[in-house]
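Encoded as structure tokens, the structure appears first; notes follow it.
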Amino acid sequence: MKAGKSMKYITVGLSAFILLSSNVVTVNATEIFTSGVPKIDLETIKFQIPTSLEPGAILTYDVEQEPTITYDTSAVDHATIKSKPNLLQAEVPDIEGRAAEDEFFKTVAESVKNLPVTDLGYDLPEPSPGTVVIYGSDGHINRIYQDENIGSKQAIVAADIPTSTVPYPGRLPAGTYTYGSGQKVIISAGAVTGEGRFTVFRAGVGGSGTVGSSNKVLGAGDVATKRQIDNAVHGTPITARALDTNIVKTVYKNDIGSLPDAVLDNYFWGWNNVQFGYTYSDILSFSGRYYYQF
Amino acid sequence: MKKEAKLLFCLIWISMLLISCDSQDASVTITSTPGSSPQVEFTTAPYIADYITMTYSQYATTDDNGAIKTQILSYEPDTKEMKKVFEFDYTAQYPLGFYDKSNERVYYTQRVDTEKDYGDQIFVRDLAEGTSIQLTESLFAVNYMIPSGNQLFFVANVKGEQAIRLGAIDLNTNAMTLWGDEDMLVEAITLDLMNQKIYVSAYSLEQRNYSQTHQDGPAGQNNFKMPTYTVYETDYDLKEKTKLFSKNYWIRMLMNTDGHVYAFCDKEYNKGQDPSTVVDYDIAMKTTNETKWGTVRLQRGEANYSSDGNKIYAIAIVKNKRGLHEYNVQSNTFTALFTPEDGFINNIQVVRGNH
């Protein structure tokens, strides 16, 4: 299942990552990407997590907090898996419903137009040994986590967990909350709407959703919302739409996460299946919006 | 009346009083001085009126980016008194607290990290002593907490499961009992404190997963097939599992009043613009009667009847203000009780008093 590469090495601790168990390419500080992304200054990155990198980049801080960049190959690795045929119905874009939903989003926004707009910024932790950042297919951040094989858990800066010592706005007064590269969550008296990036997560990748690492049990159709803003009951049904494909689905909130640059994090739906019009990869991200009512 | 007869009459009267009173609630003190009739002092347990316990989140400072705290508030309709009972760090996935006025305790949830995992756990705090005890270790997210007698009933996702379970903690032994099975997703509960019954709205995880993976096409309609939600009755031992009725509606909230269980349902998720359907289950007759809820939507976050059955307390938006409202069943009118602008009411529970 490994794609052939001309240059490869296995980094120390790679076995801890299912994600990084395939062949990888390392980049040094002077390499310039041919894709047009500017030269990456690893010296700067050493002390500050960049808000964007090349699509599919995996930024890992080693024991010395030196950043290395590799690339996700999960989609290619799993492209040959055809263990069973896709038995699910083909997804049908919901174009007719789009207009009514646009109206609903507009109504919600209108109802809070006189209320505060709070910009939460990027709210990224400072990197430490073992910090890993996964960048999505659009180059923005999908996930930040700690590889405990490289750095101790105590080194985690609590971007994920609001504590009384870390000032964190929660889902509070109605209003508009913006963060990251243009994520927006609106809380009105009757609904919550979110618009921005949908990202994905899978058990065994980045310590998420694994029975054993967190004792969470999740499946396709489960989503995580941003904990600092969105705290509905466990199991809340959410209506979610991929904006480019117009596929609408009912999903269920069964997890929360830091979601530094996304509005909804969708659990793995299988290598064979398409959801929201997309084939899964560990770095998938796409434009979407969701809502639920009280 | 002769002195002896007077004394006998007093003693008989006292005996009758003792028999007619609940021994847990009443105590009698008799003082007697020579030459006079016995004096009777009769004391009862403190009268507790209906009150509404609320979980409420607000910025702890005036800074919009400041830390926030979750508060437990208590509102008493009789006196219109609102008080802040307790405040705790917002760390749980879902802000949840409960004020147990008769025992002067609060229950609340906090995220707890262990060596290998994390989850929201239930804590109890004795308000007089100012001490908190962690009651659970095995939960991941908690949706309900309602104490009754020596038990704390809860609805939660348990670590290692995908289900959402109704459970009970014995407050004397800390032992936990779970109801149902791992295929169950409990959506809502309501307690009948008088008869010690719990009414539960639940649906099948397997069915949900099937609906979730088969919700495509044809175009132009919501193709998500609502799972079957069933309302069950169970007892305080969580052994009973009596099916009352099932609907292919989202039975999102349950209320109860004398002899009736009310299920608040929506035919589709997230279509609050459509009026809810109310299923009135007559407990004695075992019949259901379905009607449309013709007035302002009662939001998720719980609602229930007052002791006298004349009012419903709920979270609703009335005149563009969201908050705790009192709905008069007879006159079909809403009265705003608490419509804060600075914070957000996360959920409420109506606690009926000992009348």
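Lettering follows sequence order; numbering is per chain, from 1. Keep in mind that this is a model prediction, so the values were computed, not measured.
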Q: Can you label the angle between the Tyr269(B) ring and the Phe224(B) ring as parallel, tilted or perpendicular, going by 30° and 60°?
A: tilted
Q. Where does Tyr203(B) contact chain A at under 4.5 Å (heavy atoms): side chain, backbone, both or neither?
A. side chain
(Q) Taking side chain as everything from C-beta outward and backbone as N, CA, C, O, which of these in Ala316(B) sits under 4.5 Å from a heavy atom of chain A? Side chain, backbone, both or neither. (A) neither
**Q.** Contact origin within Ile95(A) toward chain B - heavy atom pairs under 4.5 Å
**A.** neither
Q: May I ask you to say whether Glu110(A) pairs ionically with Lys106(A), meaning some side-chain N is under 4.0 Å from a carboxylate O?
A: no
(Q) I'd like to know if Asp113(B) pairs up with Arg111(B) as an ion pair, taking the criterion as any Lys NZ or Arg NE/NH1/NH2 lying under 4.0 Å from an Asp or Glu carboxylate oxygen. (A) yes
Q | Engaged part of Ile164(B) at the chain A interface, taking heavy atoms whose separation is under 4.5 Å | A | side chain
Q. Can you say whether Ser111(A) sits under 4.5 Å from chain B via the side chain, the backbone, both, or neither, judging by heavy atoms?
A. neither
Q) So, Arg297(B) and Asp266(B), do they make that salt bridge, N to O below 4.0 Å? A) yes
Q.
Can you tell me which portion of Lys321(B) sits under 4.5 Å from chain A's heavy atoms? Options are side chain, backbone, both or neither.
A. neither
Q.
Let me confirm one number: the CG-OG1 distance from Asn223(B) to Thr250(A), rounded to the nearest 0.5 Å.
A. 10.0 Å
Q) Should the pair Asp94(A)-Arg241(A) be classified as a salt bridge under the 4.0 Å nitrogen-to-oxygen rule? A) yes
Q.
Need one label for Glu96(A): side chain, backbone, both or neither, based on atoms under 4.5 Å from any heavy atom in chain B.
A. side chain
